[in-house]
Visitor: 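I am attaching a structure below and will ask some questions about it afterwards.
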Protein chains: 2
Amino acid sequence: MQPRIRENYVKAIYKLCQKNKEGAYTNDIALALQVKAGTVSESLKKLSEEGFIVYYKHRAVKLSAKGQQLALRIIRRHRLWEVFLVEKLGFGWDEIHPMAEELEHIDFDQLTDRLDVFLDKPSVDPHGDPIPDKNGKLSKVNYRNLTACSLHEYVSMVGIENHQPSFLQLLDQLGLRLGTKLLIKEIIPFDGSMLVKIGKKEFYLSKTVSENILVGPHKE
Amino acid sequence: MQPRIRENYVKAIYKLCQKNKEGAYTNDIALALQVKAGTVSESLKKLSEEGFIVYYKHRAVKLSAKGQQLALRIIRRHRLWEVFLVEKLGFGWDEIHPMAEELEHIDFDQLTDRLDVFLDKPSVDPHGDPIPDKNGKLSKVNYRNLTACSLHEYVSMVGIENHQPSFLQLLDQLGLRLGTKLLIKEIIPFDGSMLVKIGKKEFYLSKTVSENILVGPHKE
DNA sequence: ATTTAATTTTAGGTAAACCTAAATATTTTA
DNA sequence: TAAAATATTTAGGTTTACCTAAAATTAAAT
Ligand SMILES: [Mn+2]
Ligand SMILES: [Mn+2]
Ligand SMILES: [Mn+2]
Ligand SMILES: [Mn+2]
C-alpha cells in the first residue's frame with residue numbers, strides 16, 4: 001500500500017476513533033476519504049495485514065500501537081506545517097488546511113524536527129490543537145465547551161471543534177481568536193444563545209457557534 | 001496522467017534538453033526516472049496528447065511552451081524550498097536535494113509566492129542555480145568553468161556542475177563555498193590540476209574537481 | 001550498400017486503488 | 001423472533017503506471 005494512501009487512512013481512522021469510542025466504521029471512513037465503502041473494505045484488509053489496524057469483519061476498526069504511532073507522526077507534521085504557514089508565511093487559519101494536508105505526507109524526520117525547533121517547539125497549532133512531540137506523546141488538554149460554562153464566567157478561547165473556513169472566517173469577523181477572553185453576560189434559554197462581552201463589545205453568539213468554541217480558565 | 005508523475009517527466013526532459021540541444025532521448029529519460037524504456041515510450045505519448053511535449057516517434061523530444069512553463073514552476077519550487085532548508089532550517093547543501101524533490105510537487109501558487117517573499121526573493125539556490133520568477137523567467141547567468149580560467153586570474157565561486165553529496169562534502173572540507181574567492185597560482189599541464197589560493201591557504205584541485213566548479217568575476 | 005548494433009516502440013501482462021452491484025451480515029423495528 | 005432496514009463485504013471490472021520481450025526503426029560499421 002502506497003504511503004500517502006496508508007497515511008490518509010490511518011489519520012482518518014484515528015480521528016474517527018476519537019469520536020466513536022467503539023472504533024471507526026467502514027462507511028464513515030469512506031465518507032472521510034471520499035471513496036466507496038467497497039474500497040474501504042479492501043483497504044482495511046491490507047492495513048490489517050500490514051499491522052496498522054485491528055480488524056474483525058463487520059466490526060468497527062481500531063488502530064494498533066503501530067497505527068497510532070503513524071497517526072501521531074502525521075498529525076505532528078500537519079500541525080507543525082500549519083504553524084509555519086500562519087506564523088512565518090502570514091496565512092490565515094482558514095486557509096492553511098489544504099496545504100498542510102499535502103505537506104503532512106513529506107516524511108523526513110530531520111525535516112520535521114528542525115521545523116519544530118525553527119518554530120520554537122510550539123505546543124499547539126493555529127486552531128488550538130495540541131502538537132504531538134517527537135515521540136508521539138500528545139499532551140492531553142482539558143478544554144471545556146463554551147456551552148458548558150456558567151453565567152458570569154470569565155474564560156479564554158483555547159480551541160475550536162469545527163475547522164470549516166466559513167466558521168473560522170466568522171470568528172475572525174467577530175474578533176474571536178485563540179487567547180481571546182470572554183465574559184458570559186447572559187444565557188438565553190429560548191434558543192441557547194449567549195450574550196458575551198469581548199473587550200469593550202457585547203454581542204450574541206448562537207448556540208451553533210458557541211457549541212464549536214472550546215475555552216479554558218482565564219488565568220492571567 | 002498523475003500530476004506528480006507528469007512533473008517528474010517534464011522536469012527530467014527539461015534538464016536533458018539543457019545538455020543535448022537535440023532534445024531528450026527515451027533511454028536517458030528512463031535512466032533519470034529509473035523506469036524502463038518501454039514505460040517512457042508510453043508516457044511520452046500521453047504527455048504529447050496533453051500538450052506538454054513535442055514528440056515524433058523515434059526522435060528526441062522537446063518541451064512545448066506549456067511544458068516549459070510547467071518545468072520552470074517545478075524548478076522554482078524546488079530551489080525555493082532548498083533555500084528555505086538551508087537558510088531557515090540550517091541544513092547543509094549536501095542534504096537538501098531529496099527533501100526538495102518531494103516539496104517541489106506541492107502546488108499552491110500562494111504558498112510558493114509567500115515562501116519567496118519570506119526568503120527575501122532569492123535569485124539563486126544554495127547550489128548557485130538561478131530561481132525562476134513567478135512568471136517563469138529565468139535570469140540567465142554567465143558562469144565560466146574553472147578549468148577555462150587563466151593563470152593568475154582572481155575569481156569567485158558562483159556555482160557547481162555536480163550535485164552529488166560526496167562532491168559537495170569535499171568542497172565543504174576544502175572550504176570552498178558559494179562566494180569563495182580564489183586565485184589561480186599555477187596550472188599543471190601533466191594532469192590538468194591547478195594550484196589555487198583561497199584566503200591564506202594554498203592547495204591543488206584535481207581536474208575532476210575544477211571541472212565541476214563554476215566561477216564568475218571577482219567584482220567587489 | 002549491406003550488415004550489424006543500438007535505440008525505440010509495441011504487444012501483452014501485472015499490481016494497486018478505485019468503481020458498481022450483488023451477496024452477506026448485523027441491527028432495528030414491528 | 002421474523003421481517004425490514006442498514007451496514008459491510010465480496011465479486012467482477014476499469015484505469016494507470018509500471019514491467020518484459022518481441023518487433024520495428026534508426027544509426028553505425030564494415
Ligand atoms: Mn493528507
Ligand atoms: Mn489544525
Ligand atoms: Mn520530484
Ligand atoms: Mn539546487
Side-chain angles (χ1 to χ4, degrees), chain A residues 1-13 15-17 19-63 67 70 74 101-102 104-105 107, chain B residues 1-13 15-17 19-64 67 70-71 74 101-102 104-105 107:
Chain A
M1 190 172 224
Q2 215 176 315
R4 143 176 305 249
I5 288 167
R6 176 173 39 236
E7 288 175 7
N8 283 334
Y9 272 96
V10 166
K11 197 176 67 155
I13 292 167
K15 301 231 152 172
L16 289 168
C17 286
K19 297 194 187 133
N20 291 12
K21 280 276 181 186
E22 299 297 312
Y25 293 100
T26 302
N27 273 337
D28 295 335
I29 298 168
L31 191 72
L33 299 180
Q34 291 288 287
V35 296
K36 302 298 171 185
T39 304
V40 172
S41 276
E42 259 186 286
S43 301
L44 291 180
K45 208 182 320 175
K46 285 176 204 157
L47 287 167
S48 173
E49 277 160 12
E50 294 177 342
F52 292 100
I53 62 172
V54 180
Y55 174 45
Y56 304 100
K57 275 184 196 172
H58 296 280
R59 302 257 91 88
V61 299
K62 284 182 177 156
L63 291 177
L70 178 57
I74 303 158
E101 204 57 46
E102 301 297 316
E104 71 186 359
H105 300 292
D107 183 14
Chain B
M1 191 172 222
Q2 215 175 315
R4 143 176 306 251
I5 288 167
R6 177 175 36 238
E7 288 175 8
N8 284 335
Y9 273 96
V10 166
K11 197 176 66 157
I13 292 167
K15 301 232 153 169
L16 289 167
C17 285
K19 296 192 187 132
N20 291 12
K21 280 276 182 185
E22 300 297 311
Y25 292 101
T26 302
N27 271 339
D28 295 335
I29 298 168
L31 191 73
L33 299 180
Q34 293 288 288
V35 296
K36 303 298 172 183
T39 304
V40 173
S41 276
E42 257 188 287
S43 302
L44 292 181
K45 208 183 318 174
K46 287 177 203 158
L47 286 168
S48 173
E49 278 159 12
E50 294 178 342
F52 291 99
I53 62 173
V54 179
Y55 174 46
Y56 304 100
K57 276 185 196 173
H58 297 280
R59 299 260 97 85
V61 300
K62 285 183 177 155
L63 292 177
S64 66
L70 178 57
I74 303 159
E101 205 56 46
E102 301 297 316
E104 72 187 359
H105 299 292
D107 182 16

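Letters A, B, ... mirror the listed sequences (proteins, then strands); counts begin at 1.
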Visitor: Please check if the side chain of B:S64 supplies one atom and the backbone of B:F52 the other of a donor-acceptor pair under 3.5 Å.
Guide: yes

Visitor: Once you round it to whole Å, what is the distance between C1' of D:dC18 and CE of B:M1?
Guide: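 After rounding, the gap between these two atoms is 11 Å.
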
Visitor: Run the salt bridge (charged side-chain N to carboxylate O under 4.0 Å, His left out) test against A:E50 and tell me which residues pass, sequence neighbours left out.
Guide: A:R6

Visitor: Mind checking what makes side-chain hydrogen bond (donor to acceptor under 3.5 Å, both in side chains) contact with A:N20, not counting sequence neighbours?
Guide: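 Counting only residues at least two positions away or on another chain, A:N20 forms no side-chain hydrogen bond (donor to acceptor under 3.5 Å, both in side chains).
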
Visitor: Distance check needed: D:dA17 P versus B:L33 CG, whole Å only.
Guide: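 Rounded to the whole Å, the gap is 13 Å.
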
Visitor: Does anything in residues 19-28 of chain B come within less than 4.0 Å of DNA chain D? Heavy atoms only, and list the residues if so.
Guide: none

Visitor: Would you check if the side chain of B:S48 reaches a backbone N or O of B:L44 as a donor-acceptor pair within less than 3.5 Å?
Guide: no

Visitor: Are A:E42 and A:K36 ion-paired here, with the side-chain N under 4.0 Å from a carboxylate O?
Guide: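 A salt bridge is absent here (no side-chain N lies under 4.0 Å from a carboxylate O).
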
Visitor: Reading DNA chain C in the 5' to 3' direction, which nucleotide is the first one with an atom under 4.0 Å from a heavy atom of chain A, and which is the last?
Guide: C:dA17 to C:dT27

Visitor: I need the CZ-P distance between B:R4 and D:dC18, as an integer number of Å.
Guide: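 Value for this atom pair: 12 Å.
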
Visitor: With a 4.0 Å cut-off on N to O distance, would you call A:E22 and A:K62 a salt bridge?
Guide: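 No, A:E22 and A:K62 are not salt-bridged.
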
Visitor: So, is B:T39 near the phosphate of D:dC19, with a side-chain N or O under 4.0 Å from OP1 or OP2?
Guide: yes

Visitor: Using a 4.0 Å cut-off on heavy atoms, which residues in residues 44-64 of chain B reach DNA chain D? List them by number, or say none.
Guide: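 Residues of residues 44-64 of chain B under 4.0 Å from DNA chain D: B:K46, B:H58, B:R59.
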
Visitor: If I take atom CZ in residue B:R6 and atom C1' in nucleotide D:dT16, what distance separates them, rounded to the nearest angstrom?
Guide: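 So the two atoms are 13 Å apart, to the nearest Å.
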
Visitor: Using side chain to side chain contact (heavy atoms under 4.5 Å, CB included) as the criterion, list what pairs up with A:R4, not counting sequence neighbours.
Guide: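 Scan of A:R4 (side chain to side chain contact (heavy atoms under 4.5 Å, CB included), adjacent residues dropped) gives A:N8, A:E102, A:H105.
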
